Amino acid sequence: MTSSISSIPIAPVLKEMADVFKAHGKRAFLVGGAVRDILLKKKAADWDLATDALCEEVCAMFRRVIRTGIKHGTVSVLYKGHTVEVTTFRTDGAYSDGRHPDSVRFATTIEEDLSRRDFTMNAVAAELPLGNIVDPFNGVGDIDRKLIRCVGKAEERFNEDGLRPLRALRFASVLNFKLDDAIIKAIPAALDITARVSPERIRDEFEKILLSPKPSTALQAMAQTGLMHLLFPCLADCIGVEQKGYHSFDVFTHSVLACDYAAHINAGKEVRLASLLHDVGKPASMSQDECGIRTFYNHEKISAKLAADLMTHLRFPNLVIDKVVHLIDQHMFHYEEVWNDAAVRRFIARVGEEHLKDLFDLRRADSFAMSAREPPADLLLPLQLRIEDVLSKSRALSVKDLAINGRDLMAAGIPTGKDMGLILSLLLETVFEDPALNTKEKLLEIGLKLRQKLSS
Ligand code: ATP
Ligand code: MG
């Protein structure tokens with residue numbers, strides 16, 4: 001790609017849509033991430049169009065239109081299986097609530113519309129249907145150089161919208177682009193503005209950072225600019241917390257390396273979150289012996305609590321929070337060959353069979369981040385083989401897998417209540433020790449004996 005590029009290829013379906021605009025005497029431009037991604041020879045994630053047509057006019061042009069954000073000049077056009085966001089040319093005022101522009105003024109030219117956009121690489125338009133480039137801020141050149149640069153002065157643009165600093169770092173991680181020095185310099189002064197941004201907007205950018213190929217790019221830049229202290233204070237508290245004896249790195253570096261490893265093995269969002277947050281309880285749980293060796297007993301419990309607080313504040317869905325908290329809570333398991341089958345079953349039951357793979361991915365990430373070296377391929381093999389073996393012998397892992405249930409016990413005269421619950425969990429324990437006992441008759445017999453013991 002060269003900065004003298006004058007047009008980009010346009011998908012046939014967008015050309016068809018352009019004909020509709022043209023038939024109504026209106027212009028349409030592909031804008032934003034789609035143009036950037038096409039210039040980078042990547043598949044565009046979604047299509048955003050900018051037009052001189054007003055929303056009502058767009059609604060009249062197409063059959064299926066959702067009025068997604070009329071106030072901001074945006075509608076979604078459903079066209080041949082695609083959802084295309086169409087926004088009237090506009091210029092934005094400041095975002096004083098950190099959420100939405102206070103005022104939206106519709107503009108008459110694409111150049112004016114492009115000037116409201118955050119970064120030069122996002123302020124390139126391609127006129128439809130031919131794809132001719134409109135590039136008033138040399139975004140094509142910056143894409144070529146892999147450089148993130150603000151449209152206009154960084155400090156002014158960050159004052160208008162405090163999310164932009166985080167977006168800049170997010171794009172650095174996602175695209176593997178460098179950040180213009182002016183961006184790094186302007187972030188600290190805009191922290192007050194960023195503090196007003198809604199947690200949901202922060203979360204959306206944070207998720208994109210996590211899902212990028214190398215989250216540490218953004219996370220390290222967050223630490224360098226003060227964004228980490230503002231947005232994720234529990235992680236910022238880990239900066240400089242050395243842990244000699246076990247690890248080569250301070251807790252913060254260890255955490256971002258673990259997150260990078262989770263990204264490297266293409267783990268899901270939850271494992272990436274757990275990798276990043278698994279040790280945030282270390283500063284609060286730290287103690288030091290006479291030789292200066294530090295220990296962090298029970299840090300996983302504090303980490304789980306701090307991670308839950310952070311994710312709740314960022315409005316992550318409960319399902320995600322629960323999974324991440326569980327993985328963090330369980331991450332300190334320590335398998336030894338002397339474990340008998342019952343101990344392996346207890347481990348599976350505690351972790352949950354469906355979480356084993358993720359917990360092992362977290363452990364590999366944790367192990368990698370101790371020395372930044374690929375952990376041995378067979379790091380968890382002995383435990384994995386034991387699990388396979390134990391599961392092939394019995395799959396009774398919870399009370400509901402027992403050959404007997406509460407109703408059976410009631411029919412045998414054991415009343416519902418505290419004892420019933422206790423008896424069922426003792427029966428499960430019995431089956432962990434000897435799966436052959438998982439028959440109705442045997443468990444009934446043992447259950448009745450347990451009942452006698454409990455009431456004597
Ligand atoms: P992605 O691949 O993540 O969708 P994108 O560049 O399309 O990247 P969006 O958040 O979808 O990002 O925004 C679409 C376009 O809207 C951006 O390319 C940019 O031109 C503009 N934009 C989005 N958010 C802002 C903002 N906070 N300030 C200024 N312009 C913005
Ligand atoms: Mg987009």
Side-chain angles (χ1 to χ4, degrees), residues 8 14 29-51 68-69 72-74 76 82-105 107 110-126 133-140 142-143 146 148-177 183 186-187 190 193-194 196-198 200-213 215 218 227:
I8 55 169
L14 283 178
F29 296 81
L30 187 63
V31 286
V35 179
R36 185 193 67 228
D37 291 344
I38 294 170
L39 285 165
L40 285 167
K41 307 232 168 357
K42 291 202 286 190
K43 198 176 173 306
D46 41 33
W47 287 326
D48 292 316
L49 301 188
T51 177
T68 20
H72 300 107
T74 303
S76 303
H82 297 272
T83 304
V84 183
E85 291 231 317
V86 180
T87 305
T88 309
F89 295 156
R90 60 176 224 221
T91 55
D92 298 344
Y95 293 48
S96 61
D97 67 349
R99 285 161 212 250
H100 306 293
D102 300 342
S103 59
V104 168
R105 201 168 55 74
I110 182 68
E111 285 79 6
E112 221 181 324
D113 182 86
L114 293 175
S115 71
R116 76 171 165 91
R117 295 173 185 271
D118 45 10
F119 307 111
T120 58
M121 61 179 185
N122 291 342
V124 182
I133 292 285
V134 183
D135 181 19
F137 306 104
N138 194 19
V140 176
D142 285 339
I143 293 172
K146 294 179 169 287
I148 302 170
R149 204 162 52 84
C150 283
V151 170
K153 288 208 166 70
E155 53 279 27
E156 286 171 15
R157 305 313 310 280
F158 292 174
N159 270 327
E160 288 164 6
D161 177 9
L163 186 68
R164 289 176 188 153
L166 192 60
R167 281 176 62 83
L169 306 198
R170 181 262 279 194
F171 283 118
S173 264
V174 171
L175 302 172
N176 189 23
F177 274 29
I183 287 184
I187 293 177
I193 313 289
T194 304
R196 282 191 249 141
V197 175
S198 72
E200 290 84 352
R201 291 182 80 208
I202 302 282
R203 183 209 49 222
D204 288 349
E205 296 300 325
F206 179 39
E207 276 195 357
K208 289 181 178 170
I209 290 172
L210 286 171
L211 291 174
S212 73
L227 276 174

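For ligands, and for the atoms within them, numbers begin at 1 and follow the listed sequence. Everything quoted here is computed from the prediction, not taken from an experiment. Index from 1, following the sequence.
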To the nearest 0.5 Å, atom CZ of Arg36 lies from atom CG of Asn122 at 5.0 Å
Between the CG atom in Leu169 and the CZ atom in Phe206, the distance rounded to the nearest 0.5 Å is 12.5 Å
One finds that the ligand 1 atoms under 4.0 Å from a non-hydrogen atom of Gly33 are 5 (P), 6 (O), 7 (O), 18 (O)
| said: For ligand 1 and Arg117, I'd like to know whether there is a polar contact (N/O to N/O, distance under 3.5 Å). | reply: yes
Per-atom filter on ligand 1: closer than 4.0 angstrom to a heavy atom of Arg201 are 27 (N)
With heavy atoms and a 4.0 Å threshold, my read on which part of Arg164 contacts ligand 1 is side chain
| task | For the residue pair Phe29 and Phe89, categorise the inter-ring angle as parallel (less than 30°), tilted (30 to 60°) or perpendicular (more than 60°). | result | tilted
Evaluate the side-chain contact (heavy atoms from CB on, under 4.5 Å) criterion for residues Thr194 and Phe158: first the C-alpha distance (whole Å), next the side-chain angles of each, then the deciding distance (0.1 Å), finally the verdict.
-> CA-CA 8 Å; Thr194 304; Phe158 292 174; over 6 Å; no
* Is any N or O atom of Asn122, backbone or side chain, closer than 3.5 Å to an N or O atom of ligand 1? -> yes
So is Phe119 touching ligand 1 or not, going by heavy atoms under 4.0 Å? no
- State if Lys208 counts as touching ligand 1 under the rule of any non-hydrogen atom under 4.0 Å. yes
shortest atom 4 (O) of ligand 1-to-protein heavy-atom contact is with Asp46 OD1, 4.2 Å
So the atoms of ligand 1 within less than 4.0 Å of a heavy atom of Arg170 turn out to be 1 (P), 3 (O), 8 (O)
Below 4.0 Å from ligand 1: does a non-hydrogen atom of Asp161 turn up there or not?
yes
Taken to the nearest 0.5 Å, the spacing of Arg201 CZ from Leu163 CG works out to 4.5 Å
query: Does NZ belonging to Lys42 count more than 12 external heavy atoms closer than 6.0 Å?
result: yes
Quick note on ligand 1: atoms under 4.0 Å from a heavy atom of Asp48 include exactly 14 (C)
Could you check whether any side-chain heavy atom of Val124 comes within less than 4.5 Å of a side-chain heavy atom of Ile133, counting everything from C-beta outward? yes
In Thr120, Leu39, Asp37, Val35, the residue satisfying side-chain contact (heavy atoms from CB on, under 4.5 Å) with Ile143 is Leu39
Ranking Asp118, Thr120, Asp113, Val31 by closest non-hydrogen atom to atom 30 (N) of ligand 1, top hit is Asp118
Legend entry - Residues Arg157, Glu160: salt bridge by 4.0 Å N-O rule: yes
- Take every heavy atom of Arg36, measure it against each atom of ligand 1, and state whether any distance is under 4.0 Å. yes
Counting from 1 in the order shown, the ligand 1 atoms closer than 4.0 Å to a non-hydrogen atom of Gly32 are 18 (O)
So the atoms of ligand 1 within less than 4.0 Å of a heavy atom of Phe171 turn out to be 6 (O), 8 (O)
Test side-chain contact (heavy atoms from CB on, under 4.5 Å), reference Thr87, set Leu49, Thr51, Thr74, Asp48, output is Thr74
**Asked** Do Ser76 and Thr83 have side-chain N/O donor and acceptor atoms under 3.5 Å apart?
**Response** no
Honestly, for Phe158 the part within reach of ligand 1 (heavy atoms, under 4.0 Å) is neither
protein heavy-atom neighbour closest to atom 9 (P) of ligand 1 works out as Arg167 NH2, 3.9 Å
